Amino acid sequence: MQAALRPASADPAASAAEPFFPPQLLARLDKNGPRYTSYPTADRYHGDFGVEQYRQALRQRRDSCTTEPLSLYVHIPFCDSVCYYCACNKVVTRHHDRAARYLDALAREIALHVAELGPGVPVSQLHFGGGTPTFLSDEELDRLMADLRGAFRFEPDAEISIEVDPRTATPQRLERLRKLGFNRLSFGVQDFDAKVQVAVHRVQSFEDVRDLMQSARALGYASINVDLIYGLPLQTTESFARTIAQVSALRPDRIALYAYAHLPERFKPQRRINPLDLPDRATRVGLLSAAIEGFLKQGYTYIGMDHFALNTDALAIAKQRGELHRNFQGYSTQPDRDLVALGISAIGRIGNTYSQNAKDLDGYYAAIESDRFATEKGLALSADDLARREVIMDIMCQGRVDFARVEARHGLRFGDYFGPELSQVANLAELGLVNLRAGELRVTGLGWYFVRAVAMAFDGYLRTVSTGASYSRII
């Protein structure tokens, strides 16, 4: 037994001086696994769920007369230049006039949704992702926001966020975004080390990011996030420690720390990265350990997986209160409510269904310009999916599963229904990752660092259906 490797505290900061990833656990648990921004995961979606099934889901929502607000996601795929590490769905071009046709298509896609849902559906959350959303000009962003506001009714306290490339944004651009109603920003930084930036073809100075963040604070943005990546070429524990210190000095409200997954057979830009420049396994673990320890010492709360937040941020407060949620953008303070997703490759959720748009511009345009939804694949969740989703999201977000609550909501006997899963979890309990008590599962302080492994124990598809998906490493 290794339960003494770390105290079973719900707060990983309580024992930050100890190793975050004991070698014995890494040897047993560091494997590939889903990130669970949804369950079932996107690799389980299939082509039998298409346009008609998506339309039916929208109509069922309308007919239910629900007053629950929507979340919106808009995917802007265009980028001026390619970042070699990138695995996002993107279109690299310096021809900004290509955005005009895309905006026309988005307007038609918005109209298709209004035709099914009715006008003025309330919205509590909007996120622009990419690609590079700030590829769009001020006028184009004005138009897109006008289209959205004309179709939906944004709540007064709606979270409206956008991903920003610090290499091309200016204080004037941030001011324009603020006037459009954006109140949250996410800056793509990845690493401040000059050699690493050259190796991944994304060069930006610390000073430029610092100045933009100062401007954003002066403009009254409610929350500022910084994205980082560990495992990039030429990263060392020393160089990344400097980046951690620099980011901490900027005091972003939130930090997202992602692991780089080198999959050049799937993502063509990654073929420009020399695999010999990538950190070895021990160095990757050291990079992550140093980042966690560094951010905890600077007053950040470890939210889970790849998210950190200042203790005063709403995300940290939600973690403390047991009110975290998780959606396709990661951890959130907002419930995982219905999500209308617009643009190529965008993934949405309506009721008990998931859907994804066509992943290429030609397919997307062909559908939308024929006044059809661009739904390419999706999934209608079964009763088993729904029960497992609740358990997995409880683990990922609250670190606790109340067996009686699951039984009451899904009409099952937890011990009987999840017997094999509980046997697997018992092994994790011996490793100090969870505490199993009468009617309850709790993730320990150590377990938070391996929370994906705990959630995977309840993933029915991992045992029965192989899709050939390439999941990222847990650590």
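Below, all heavy atoms of this structure are taken into account, side chains as well, without hydrogens, waters or symmetry copies. Treat the numbers as computed from the prediction; the structure is a model and nothing was measured.
- The line from CG of Leu117 to CD1 of Ile110 is 12.5 Å long, rounded to the nearest 0.5 Å.
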| query | Can you check side chain to side chain contact (heavy atoms under 4.5 Å, CB included) on Thr170 and Glu175, steps first, answer last? | reply | CA-CA 9 Å; Thr170 64; Glu175 183 176 10; over 6 Å; no
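- For Thr132, the side-chain contact (heavy atoms from CB on, under 4.5 Å) criterion is met by Cys79, Thr134, Phe135, Asp165, not counting sequence neighbours.
- Electrostatic pairing of Asp385 and Arg44 does not count as a salt bridge here, judged by no charged N lying under 4.0 Å from a carboxylate O.
- A salt bridge is defined here as a Lys NZ or Arg NE, NH1 or NH2 lying under 4.0 Å from an Asp or Glu carboxylate O, and Arg55 with Glu116 meets this definition.
- Note: Tyr260 and Tyr85 fail the aromatic proximity criterion, with ring centroids not under 6.0 Å apart.
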Ignoring hydrogens and angles, write down the donor-acceptor pairs under 3.5 Å from the side chains of residues 397-406, residues two or more places apart or on other chains.
{"from": "Gln398", "atom 1": "NE2", "to": "Leu324", "atom 2": "O", "distance (Å)": "2.6"}
{"from": "Arg400", "atom 1": "NE", "to": "Glu440", "atom 2": "OE2", "distance (Å)": "2.6"}
{"from": "Arg400", "atom 1": "NH2", "to": "Glu440", "atom 2": "OE2", "distance (Å)": "3.3"}
{"from": "Asp402", "atom 1": "OD1", "to": "Ala404", "atom 2": "N", "distance (Å)": "3.0"}
{"from": "Asp402", "atom 1": "OD1", "to": "Arg405", "atom 2": "N", "distance (Å)": "3.3"}
{"from": "Arg405", "atom 1": "NH1", "to": "Glu390", "atom 2": "OE2", "distance (Å)": "2.6"}

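- Shown are His96, Arg94, His95; of these, the side-chain hydrogen bond (donor to acceptor under 3.5 Å, both in side chains) with Asp80 is made only by His96.
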| field | Audit row: Tyr221, Ser215, side-chain hydrogen bond (donor to acceptor under 3.5 Å, both in side chains) steps and yes/no | value | CA-CA 9 Å; Tyr221 281 93; Ser215 296; over 6 Å; no
| After noting the C-alpha distance and the side-chain angles of Val226 and Arg254, does the key distance pass the side chain to side chain contact (heavy atoms under 4.5 Å, CB included) rule? | CA-CA 6 Å; Val226 164; Arg254 300 176 185 180; over 6 Å; no
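- The side-chain hydrogen bond (donor to acceptor under 3.5 Å, both in side chains) test with Thr301 is passed by exactly one of Asn311, Thr312, Asp313: Asn311.
- Between the side chains of Ser81 and Arg202, no donor N or O sits under 3.5 Å from an acceptor N or O.
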| request: Show the numbers, then the answer: is there a salt bridge (charged side-chain N to carboxylate O under 4.0 Å, His left out) between Glu68 and Arg61? | output: CA-CA 10 Å; Glu68 276 290 303; Arg61 176 189 162 91; over 6 Å; no
| said: Using ring-ring contact (aromatic ring centres under 6.0 Å, His included), reason through Tyr364 and Tyr102 one step at a time and then give a plain yes or no. | reply: CA-CA 9 Å; Tyr364 176 71; Tyr102 193 72; 5.7 Å; yes
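- In summary, the side chains of Thr444 and Tyr449 do not present any donor paired with an acceptor at a separation below 3.5 Å, with no hydrogens or angles considered.
- Residues Arg372 and Glu52 are not paired through a salt bridge, judged by the lack of any N-O separation under 4.0 Å between the basic side chain and the carboxylate.
- Judged by a 6.0 Å distance limit and a 45° cone about the ring axis, Arg326 is not positioned over the six-membered ring of Tyr36.
- By the 30° and 60° cut-offs, the orientation of the rings of Tyr73 relative to His127 is parallel.
- Not a single donor-acceptor pair under 3.5 Å links the side chain of Lys90 to the backbone N or O of Pro77.
- Salt-bridge formation is detected for the pair Asp384/Arg388: a Lys NZ or Arg NE/NH1/NH2 atom is positioned less than 4.0 Å from an Asp or Glu carboxylate oxygen.
- With hydrogens and angles ignored, the 3.5 Å screen pairs no side-chain donor or acceptor of Gln125 with any backbone N or O of Glu159.
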| Derivation of the side-chain hydrogen bond (donor to acceptor under 3.5 Å, both in side chains) call for Thr353 and Gln53 | CA-CA 9 Å; Thr353 70; Gln53 289 75 17; over 6 Å; no
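- Under the 6.0 Å distance and 45° angle rule, Arg101 counts as a cation-pi partner of Tyr365.
- Between Arg184 and Asp253 no salt bridge is recorded (no basic side-chain N to carboxylate O distance below 4.0 Å).
- Arg173 and Asp138 are joined by a salt bridge, as a carboxylate oxygen and a charged side-chain nitrogen come within less than 4.0 angstrom of each other.
- To the nearest 0.5 Å, the span separating CG on Asp362 from CD1 on Ile344 amounts to 10.0 Å.
- Asn357 places a side-chain N or O within 3.5 Å of a backbone atom of Gly343 that can act as its donor or acceptor partner.
- Using modelled atom types, one finds no donor on one side chain facing an acceptor on the other under 3.5 Å when comparing Ser355 with Glu376.
- A ring-ring contact (aromatic ring centres under 6.0 Å, His included) with Phe308 holds for exactly one of Tyr302, Tyr258, Tyr300; it is Tyr302.
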